Amino acid sequence: MLEQALRTHFGYDSFKPGQEEIIEALLSRQNVLAMLPTGTGKSLCYQLPALVTEGLTIVVSPLLSLMEDQVQQLRSSGMKRVASFNSFQTREERKRTSSLLPQLDLLYTSPEMLQSKWLLERLEHVTVAHFVVDEAHCISHWGHDFRADYLRLKQVKKQLGDPPCLAITATATPRVREDICEQLDLRHRLDVIHSVNRSNIYLQVEQHERTMAKLERLSLLVGTLQHPGLVYVQSRRQSEELASRLKETHPHLRVSHYHGGMENADRLLIQQQFMADQLDLICCTSAFGMGLNKPDIRFVIHYHYSLDMASYIQEIGRAGRDGGPSLALLLSTPEDVGQAKAMLERGRLQASDLDWLLAPLQEGEALADDWFEQRFEAFGAGNGMWKSIRFLLEQLGAINEGVVQPLDRYALTEALAQKLTNRYAEREERLRAFLSWTERTACRREGMLRYFNEEPLSQHPCCDKCGGDLTLFQAKEKNHRPDRFSWQEELALLFGEREEQRDGGPYS
DNA sequence: CGAATGTATCCTAGGATACATTCGGTGCACTAGT
């Protein structure tokens, strides 16, 4: 019966590993925590149930671009009872969508939008069949820092009658999985956890003495490796500078940059050019890549340290979706350690800062919606930190329905400082663990898998510690056919002459 | 931690130098005036 639906709605004959299990659990009204490797059809796990069940499936997605992509994709394949609800749409469009709710199968929206009373009231009059959190690791990675509305999803879910919930992601450490379940209150659930290992990605770390040497190494690699590829850097400015530098030194390469400070239109353009094979290389910050579904990325180079193993795996996991041999390389210098640590320190609040920030709170005062935002701006702390503090204060009972409760100021600051201290300590521990992985003398894959509580496995080629050679990834054979060759055969094929220089093309 | 920017000081006056300060990533939603 499920296969029938799979065939009629999606045109596939059989399920990929994990899919059927997840779908059956959802249909029997069970909660599910799922970790499936990228490219194994995660979205089908909730799209199919949404189509065969009465009621609305709500999908919480972290990025507007992802929502719009998915909706467009579904619509173009004939599924019309699908919509998104976010700030991308006009007020009128949103009104229209809300009036159509009872007839919809799928609604994509953001955690922030689900805080809108207006929307919630309308959702309460609809039968919600499933509550889905896509890219669920964001709950843990972003929820505690600058998107606190991720932590309010538990309440939203409850308000919607506690429908069966699916939290799905490609990469979550055991600790993050625990956090996801806690934040979504996922009890009595099925866990479908597949390995994070990507056997076609070769792992290497190189320590260089000086920045100059690191840059020269990068330049050399970029000129010889098979494309397309990504270079992850620490800052926005660096992504721009590095891109323009590489453009100069490698005029035949089509290079661009990408970061969160760019105009939406530019970001979209770069992403589309990359997808359409009009770019060979993108120098980017961590803003680039989520939801990116390009199958043939051949290398991901880190020009700085990631702040934790999970982020690193997310980023390198964008390589080799086609199963073809791909390279994950981290280039570092001793001074990069300090910069990574500084990144964590940034915006760290001390007890005295909390004293200042909370000083004006008066018992019984009804706070304006933007009170925290204003206060944090006056303090000089940008982005969404205020959301996190406000959330914690609500949790501690200091604020209820926007009204300041009777408070023991000293005890409150203490409790808050303690929570923040714990959070900072966790982040430091995650960075420490990642740094020690980069300094490993034994197999890197083994270290990575152990971090995910997985049993190590041996494979060849594996990583620089197991003996390997980057010449294997040098450009030459253009038409590799991953479906027809094993990993070993591919590598054998890769041995040979370099790819000819190609013509320039349209690039920014 | 280190790179970039800002400020003070030198003293035939604007350009060099030294020291101090700031900043560095990830996204949603929204305003108000056209």
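Just so it is clear, the values below take in all heavy atoms, side chains as well, and ignore hydrogens, waters and symmetry mates. Note that the structure is predicted; figures quoted are calculated from it, not measured.
To the nearest whole angstrom, the two C1' atoms, one in B/dT5 and one in B/dG27, are 28 Å apart. Look at the P atom in both B/dT12 and B/dG6: the space between them is 29 Å, to the nearest Å. The separation of B/dG25 from B/dA3, taken at their P atoms, amounts to 15 Å, rounded to a whole angstrom. Taking the P atom of each, B/dC28 and B/dA32 are spaced 22 Å apart, rounded to whole Å. With both ends at atom P, the span from B/dA13 to B/dA20 equals 28 Å, rounded to whole Å. For the C1' atom pair drawn from B/dA29 and B/dT21, the interatomic distance equals 33 Å after rounding to whole Å. Atom C1' of B/dC30 sits at a distance of 26 Å from the matching atom of B/dG24, rounded to the whole Å.
No contact: A/Arg210 has no heavy atom under 4.0 Å from any strand. Using a 4.0 Å heavy-atom cutoff across all strands shown, A/His259 reaches sugar-phosphate atoms only and no base atom. When heavy atoms are screened at a 4.0 angstrom cut-off, A/Pro62 is found touching the sugar-phosphate backbone but no base atom. A/Met290 comes within 4.0 angstrom of no nucleic acid atom, judged by non-hydrogen atoms across all strands. Residue contacts for A/Ala342: at a heavy-atom cut-off of 4.0 Å it reaches a base atom on one of the strands shown. Within 4.0 Å of A/Asp149, counting heavy atoms only, lies no atom of the nucleic acid at all.
Nearest nucleotide to the side chain of A/Glu335, out of B/dA29, B/dG24, B/dG2: B/dG2. Side-chain proximity of A/Gln339 to B/dG25, B/dC1, B/dT26: nearest is B/dC1. With B/dG27, B/dC28, B/dA3 as the choices, the nucleotide that has an atom nearest any side-chain atom of A/Ser110 turns out to be B/dC28. Distance from the side chain of A/Arg91 is smallest for B/dT31 among the nucleotides B/dC30, B/dT26, B/dT31. Among B/dC1, B/dG25, B/dG27, the nucleotide with an atom closest to any side-chain atom of A/Phe146 is B/dG27. Taking the side chain of A/Arg147 as heavy atoms from C-beta on, and the options B/dT31, B/dC28, B/dG2, the nearest nucleotide is B/dC28. The side chain of A/Glu241 lies closest to B/dA4 when the candidates are B/dG25, B/dA4, B/dA29. Between B/dC28, B/dA29, B/dT26, one nucleotide has an atom nearer to the side chain of A/Lys387 than all others, and that is B/dC28.
In a base pair of the Watson-Crick type (N1 to N3 plus N6-O4 or O6-N4) or a G-U wobble (N1-O2 and O6-N3), with each distance short of 3.5 Å, B/dC19 is matched with B/dG6. In this structure, B/dT12 forms no base pair with any nucleotide, since neither Watson-Crick nor G-U wobble geometry is met with both distances under 3.5 Å. Base-pair partner of B/dG33: not found among the strands shown (Watson-Crick or G-U wobble, both distances under 3.5 Å).
Applying the 3.5 Å distance criterion, the base of B/dG25 shares a donor-acceptor pair with the side chain of A/Arg346. For A/Arg348 and B/dG24, a side-chain-to-base donor-acceptor distance below 3.5 Å is absent, hydrogens and geometry of angles not being considered.
Considering A/Gln238, A/His304, A/His259 in turn, A/His259 is the only one that fulfils the side chain to side chain contact (heavy atoms under 4.5 Å, CB included) rule with A/Thr285. No option in A/Phe452, A/Tyr312, A/Tyr305 other than A/Tyr312 meets the ring pair (Phe, Tyr, Trp, His ring centres under 6.0 Å) test with A/Trp437.
The shortest distance between the side-chain N/O atoms of A/Ser116 and the OP1/OP2 oxygens of B/dA29 is not below 4.0 Å. Contact check, A/Ser87 against B/dA29: a side-chain N or O comes under 4.0 Å of OP1 or OP2. Side-chain N/O atoms of A/Ser311 include none lying less than 4.0 angstrom from OP1 or OP2 on B/dT26. The side chain of A/Arg237 places an N or O atom within less than 4.0 Å of a non-bridging phosphate oxygen (OP1 or OP2) of B/dT5. In this model, the phosphate group of B/dA4 is not approached by any side-chain N or O of A/Arg236 to a distance below 4.0 Å at OP1 or OP2.
Side-chain atoms of A/Ser326 and A/Arg298 form a donor-acceptor pair, as typed in the model, at a separation below 3.5 Å.
No salt bridge links A/Asp191 with A/Arg177; every basic N to acidic carboxylate O contact stays at or beyond 4.0 Å.
To the nearest 0.5 Å, atoms CD1 (A/Ile389) and CZ (A/Arg375) are separated by 13.0 Å. With rounding to the nearest 0.5 Å, the separation of CH2 in A/Trp386 from CH2 in A/Trp371 is 12.0 Å.
The residue among A/Arg427 and A/Gly338 whose nearest nucleotide of DNA chain B is located toward the 5' end is A/Gly338.
Whole-Å rounding puts the A/Tyr303 OH to B/dA3 C1' distance at 14 Å. To the nearest angstrom, P of B/dG27 lies 17 Å from CH2 of A/Trp386. Between A/Trp371 atom CH2 and B/dC30 atom P the separation is 22 Å, expressed in whole Å. The nearest whole Å value for the distance from the CG atom in A/Asp369 to the C1' atom in B/dA29 is 12 Å. Rounded to an integer number of Å, the gap from A/Arg152 CZ to B/dC28 C1' is 13 Å. Between the NE2 atom of A/His137 and the C1' atom of B/dG27 there is a distance of 13 Å, rounded to whole Å. Atom CD in A/Glu315 sits about 11 Å away from atom P in B/dT26, given to the nearest Å. Between A/Tyr150 atom OH and B/dC28 atom C1' the separation is 10 Å, expressed in whole Å.
Aromatic ring centroids of A/His227 and A/Phe299 lie under 6.0 Å apart.
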Could you walk me through whether A/Gln234 and A/Tyr303 pass side chain to side chain contact (heavy atoms under 4.5 Å, CB included), step by step? CA-CA 8 Å; A/Gln234 176 93 285; A/Tyr303 198 66; over 6 Å; no
